[in-house]
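Here the structure is laid out as structure tokens; the discussion comes afterwards.
No hydrogens, no waters, no symmetry mates; every other heavy atom, side chains included, goes into these values. Please read these numbers as outputs of a predicted model, since none were measured by experiment.
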Amino acid sequence: MGKDLDLKITAWNAGAERMYGYAAAEIIGRRFGVLIPPERDGEDGAIISRVLAGETVDQFETVRLHTDGRKLDVSVSVSAIRDPFGWIIEASSIARDIGETRALVGAQDQVIKRLLFAAEFRDDALGQHIVRMPGLCGQIAVVLGWNRKRVADIESAATMHDVGKIAVPDSILLKPGPLTGEERAVMQTHAQVGQRMLSGTGIDLVDQAAEIALTHHERFDGGGYPSGLSGEAIPICGRIAAAADVFDALTSERVYRPAFTDDQALAMMRAESGTQFDSKILEALLEVLDTERQLTAPQAALD
């Protein structure tokens with residue numbers, strides 16, 4: 001569709017007619033706000049301001065209204081239309097209905113979570129870890145500047161990072177003490193087992209989960225497992241997962257040790273910056289934790 005700088009609709013194709021239910025003859029000339037729910041009032045003005053500033057709005061996820069009042073989940077891309085002198089005179093908008101995609105992703109996410117809860121029946125600490133650690137991955141991704149979709153994807157994919165531990169015997173997984181060399185070798189197979197379990201689905205989210213499962217124990221200096229990858233040869237989702245995984249593990253109780261404090265865990269991780277961890281990822285983690293402290297400090301003072 002097209003709209004002028006006064007936010008009046010100037011062009012309306014057959015796809016827009018199918019999506020929103022309005023015929024071109026009844027909507028061209030009307031203000032674009034007719035498609036915007038009341039709770040998002042002003043969003044169209046904000047978008048056109050971004051376009052006037054020279055920005056291309058790409059895959060902005062929002063809500064629009066059908067002629068019958070239904071709310072539609074859409075992804076919108078908006079770009080400027082210029083006259084021969086280079087002045088912006090209109091905006092061209094492409095909208096995609098993402099309602100079915102969101103429903104499918106939501107269903108996949110629920111199935112994944114239900115399957116992973118099986119881990120809690122063997123080890124409650126592991127079950128809690130697969131709830132907390134993905135959220136931390138998402139927070140790190142936000143600091144790194146990822147868009148909302150990529151953040152949501154890594155949060156969902158990271159829930160499966162330890163799925164390969166299903167194949168690790170209880171005698172090793174729940175052992176209340178240090179592992180022997182042989183036991184540690186068995187434990188380390190969970191990375192490859194998880195990758196094999198998740199590979200080959202053809203679903204982007206699960207493919208990313210397979211990559212995280214395989215690489216979240218690689219070290220930045222090449223001393224990790226199972227492949228001995230180093231530096232940026234380790235996928236960034238694996239590097240993010242590695243930092244989030246270790247921090248949550250260190251600050252959680254285990255059958256063989258009490259939890260470390262946040263400060264103790266961070267001191268240990270800082271000592272491994274550039275060796276075990278990508279220093280940029282570690283700095284992002286520190287920013288996440290600093291922000292959380294600032295947000296909780298006023299409440300702590302009141303308590």
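The side-chain heavy atoms of Q139 and V142, taken from C-beta on, include no pair separated by under 4.5 Å. Contact check for Y22 versus L35: side-chain heavy atoms found under the 4.5 Å cut-off. Here the side chains of V51 and T56 are not in contact, with every heavy-atom distance at 4.5 Å or above. No side-chain heavy atom of I281 sits under 4.5 Å from any side-chain heavy atom of F220. Proximity of V34 to I27: side-chain heavy atoms (C-beta onward) are separated by under 4.5 Å at one or more points. In this structure, M269 and V246 have side chains that are in contact, with non-hydrogen atoms separated by less than 4.5 Å. Proximity of K165 to M187: side-chain heavy atoms (C-beta onward) are separated by under 4.5 Å at one or more points. Side chains of R293 and D262 form a contact here, defined as non-hydrogen atoms less than 4.5 Å apart.
For the pair T201 (side chain) and I203 (backbone), a donor-acceptor distance under 3.5 Å is present. A donor-acceptor pair under 3.5 Å links the side-chain atoms of S77 to the main chain of Q59, judged by distance alone. Judged purely by atom type and a 3.5 angstrom limit, E218 uses its side chain to pair as donor or acceptor with the backbone of G228. A donor-acceptor contact shorter than 3.5 Å links the side chain of D4 to the backbone of L7. Of the possible donor and acceptor atoms, none in the side chain of S156 sits under 3.5 Å from a partner among the backbone N and O of D153.
Applying the 4.5 Å side-chain rule to ILVMFWY residues, one finds I81 in the same cluster as I89. Summarising the hydrophobic clusters (Ile, Leu, Val, Met, Phe, Trp, Tyr; side-chain heavy atoms under 4.5 Å, direct or chained), the residues clustered with F85 are W87.
The cluster map of Ile, Leu, Val, Met, Phe, Trp and Tyr, joined by side-chain heavy atoms under 4.5 Å apart, puts V288 and W146 in the same cluster. If you chain together hydrophobic residues whose side chains sit under 4.5 Å apart, V168 and I212 never meet in one group. Under the 4.5 Å side-chain heavy-atom criterion for Ile, Leu, Val, Met, Phe, Trp and Tyr, I48 and M1 are members of distinct hydrophobic clusters. I28 and F32 fall within the same hydrophobic cluster, where Ile, Leu, Val, Met, Phe, Trp and Tyr residues are linked whenever their side-chain heavy atoms come under 4.5 Å apart, directly or through other members. When hydrophobic clusters are built by joining Ile, Leu, Val, Met, Phe, Trp and Tyr residues whose side-chain heavy atoms come closer than 4.5 Å, directly or via intermediates, L282 is grouped together with I140.
Note that CZ of R82 and CD1 of I88 are 4.0 Å apart. Values are rounded to the nearest 0.5 Å. To the nearest 0.5 Å, atom CZ of residue F60 and atom CD1 of residue I47 are 5.0 Å apart. Between the CE atom in M133 and the CG atom in D245 there is a gap of 4.5 Å [rounded to 0.5 Å]. Between the CG atom of L214 and the OG atom of S227 there is a distance of 5.0 Å, given to the nearest 0.5 Å. Distance check: E283 CD to S273 OG gives 6.5 Å after rounding to the nearest 0.5 Å.
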Could you walk me through whether R18 and D97 pass salt bridge (charged side-chain N to carboxylate O under 4.0 Å, His left out), step by step? CA-CA 11 Å; R18 287 192 300 271; D97 187 340; over 6 Å; no
Side chain to side chain contact (heavy atoms under 4.5 Å, CB included) for L72 and V63? Distances and angles first, verdict last. CA-CA 5 Å; L72 307 172; V63 178; 5.9 Å; no
Residues D221, R219; criterion salt bridge (charged side-chain N to carboxylate O under 4.0 Å, His left out); working and verdict: CA-CA 5 Å; D221 63 3; R219 290 174 54 104; 3.1 Å; yes
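Not counting sequence neighbours, the partners of Y20 by the ring pair (Phe, Tyr, Trp, His ring centres under 6.0 Å) test are W12. For T261, the side chain to side chain donor-acceptor pair (under 3.5 Å) partners at least two apart in sequence or on another chain are Q264. Checked against salt bridge (charged side-chain N to carboxylate O under 4.0 Å, His left out), E182 has no partners two or more places apart in sequence or in another chain. Scanning for ring pair (Phe, Tyr, Trp, His ring centres under 6.0 Å) contacts around F260 gives an empty result, with sequence neighbours left out. In this view, E183 and K175, T180 satisfy the side chain to side chain donor-acceptor pair (under 3.5 Å) rule, not counting sequence neighbours. D204 is linked by a salt bridge (charged side-chain N to carboxylate O under 4.0 Å, His left out) to nothing, counting only residues two or more places apart in sequence or in another chain. Listed by chain and number, the residues in a salt bridge (charged side-chain N to carboxylate O under 4.0 Å, His left out) with E26 amount to none (sequence neighbours excluded). Shown here are the side chain to side chain donor-acceptor pair (under 3.5 Å) partners of E55, two or more places apart in sequence or in another chain: R50.
Contact detail for I172 and L179: the closest heavy-atom pair is O-CD2, 3.7 Å. Contact detail for R132 and S252: the closest heavy-atom pair is NH2-OG, 2.8 Å. Across every non-hydrogen atom of V78 and A91, the tightest pair is CG1-CB, 3.9 Å. The two atoms that bring Q208 and A157 nearest to each other are OE1-CB, 3.7 Å, heavy atoms only. Nearest heavy-atom pair across G138 and V151 is O-CG1, 3.7 Å. In this structure, A243 and L285 approach most closely via the heavy-atom pair O-CD2, 4.2 Å.
Of the candidates R96, E61, M19, M19 is the only one forming a side-chain contact (heavy atoms from CB on, under 4.5 Å) with V74.
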Compile the donor-acceptor pairs under 3.5 Å between side chains in residues 230-242 and protein atoms, sequence neighbours left out, one pair per line.
| from | atom 1 | to | atom 2 | distance (Å) |
| --- | --- | --- | --- | --- |
| R239 | NE | I234 | O | 2.8 |
| R239 | NH1 | D278 | OD2 | 2.7 |
| R239 | NH2 | I234 | O | 3.3 |

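Aromatic ring centres of H190 and H216: separated by under 6.0 Å.
There is no side-chain donor-acceptor pair under 3.5 Å between Q195 and E211. Residues T275 and E272 bring a donor and an acceptor atom of their side chains to less than 3.5 Å of each other.
Listed by first then second residue, pairs satisfying side chain to side chain donor-acceptor pair (under 3.5 Å) with a partner in residues 31-48 read E39-K71, R40-E43, R40-T62, E43-T62, E43-R64, not counting sequence neighbours.
A salt bridge links R70 with D68: the closest approach of a Lys/Arg side-chain nitrogen to an acidic carboxylate oxygen falls below 4.0 angstrom.
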